[in-house]
Amino acid sequence: MTSRRHFITGAAGAMVGASLVSKAGAATIPEAPVQSSPATQPPLHPSNGRPYNPVVTLNGWSLPWRMKDGVKEFHLVAEPVVREIAPGMKANLWGYNGQSPGPTIEVVEGDRVRIFVTNKLPEATTIHWHGQILPSGMDGVAGLVQPAIAPGKTFVYEFVARHAGTFMYHPHSDEMTQMAMGMMGFWVTHPKDPRRHAVDRDFVFLLNAYDIEPGNYTPNVNTMLDFNLWTINSRAFPGTDPMVVRKDDKVRIRMGNLTMTNHPFHIHGHRFEVTGTDGGWIPPAARWPEVTVDIGVGQMRAIEFVADNPGDWAFHCHKSHHTMNAMSHAMPNLIGVDQAGVAKKINDLVPGYMVMGDKGGSMGGMHMALPENTLPMMTGRGPFGDIEMGGMFTVIKVREGLARGDYRDPGWYRHPAGTVAREWTGAVPEAVGAPAAPASGDVIGTAKRGGHEGH
Ligand SMILES: [Cu+2]
């Protein structure tokens, strides 16, 4: 076998399955491509098999395959990886093919799929193909339906991707440790007819959480609920890339939750419908409008909207602690407490001590020294100042005049004149008192009875 490692740089789209075929002989395992960058890679257009509209994995990539005798062959390598959570912080995680999460696997409804899984971890693992309808022995539950894959061993899974939809993969062997270390990946089965469920831009990501103490590099895997890093595809804001869309594009965002709590994801400036789950597509007549969708533990949701409102729109988990990074979630509330005297006394003992929180939690303007390998709690700079966000937060950038398939960051939105909230420097109008209560029987808004029922 030729060199297993095939490093992909910048243009992952250029490295497709076809280039792997010639290198791999008849009886060998296909190469396992490796991704070295945490940046969002361009969509991987299929070079063989049935056509489909590829997805874009936020801060991730899709796994190339080789076609062998009509079967799509993939190779996943479970291994320790170093993942940049955001500039200024790296984590020692476990993942697949160089990153955590692992690469997105994209196939087409009806495809026969063969996946080689090589275990380079120090302990046994398996892969469970979450949501797939497949033979029991391919379901990946260690002990129950297969022996665990020992370190150094390679197993092969094979099944037909029977249903189009939104799925994920993760170990079903020492799950607590392995998922807390970042082992998971996205799976999309595209419809056989690419016109079904067609959208212009289709983004995917997984939600994950880590407990990494400030100054450390490796997650505490015994944490049950009190995680301190809430991440989108193992990236915390401002490390999350924006989702760039063309005005009037039909956009789908597919999200899966492999953390230990639910995440209500909220969109600004648009309304969406939930169009699918990991159980399948939702019939159009059963959908309703939303601006927030709760994604429960072990659930996946696909939302769709028309991006008809240009601007920079926040897209984030609505739990406020989940848009913050590590540090200080358990601090007492000191709003309104004058700490000036206390601060002086502590400063005599601890030079450099800072008063925090007597006017609120804002830390945007404070530039304190952080422990090594730690992100500020609330951070990110925008065109108008500090954004004061972290964790599960990103921005949907809706722009006119983009080319089809152009995902490059267009920079900050240029607001039309007169459309930005501004300081008021004129006279402040007098407070208006509440109007007198209406006379009894005079109810606002009820139609007068008689004569107009037919309208
Ligand atoms: Cu959340």
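Values below: every heavy atom of this structure, side chains too, minus hydrogens, waters and symmetry copies. Ligands are counted one by one from 1 in listed order, and the atoms in each one are counted from 1 as well.
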query = Where does the angle between the aromatic ring planes of W129 and Y169 fall among parallel (under 30°), tilted (30 to 60°) and perpendicular (over 60°)?
reply = tilted

Lys NZ or Arg CZ of K120 over W94 ring: under 6.0 Å, within 45° = no

request  = Could you tell me how the ring of F305 sits relative to the ring of H270: parallel (under 30°), tilted (30 to 60°) or perpendicular (over 60°)?
outcome  = tilted

request  = Could you grab the protein N, O or S atoms closer than 2.8 Å to the Cu ion (ligand 1) for me?
outcome  = H263 ND1, C317 SG, H322 ND1

inquiry  = Main chain of P30, side chain of H75: is a donor-acceptor contact present, judged purely on distance under 3.5 Å?
reply    = yes

task = Could you tell me whether W313 and F272 have their ring centroids closer than 6.0 angstrom?
result = no

note = In short, ring-ring contact (aromatic ring centres under 6.0 Å, His included) pairs touching residues 279-304 with sequence neighbours left out are H197-W281

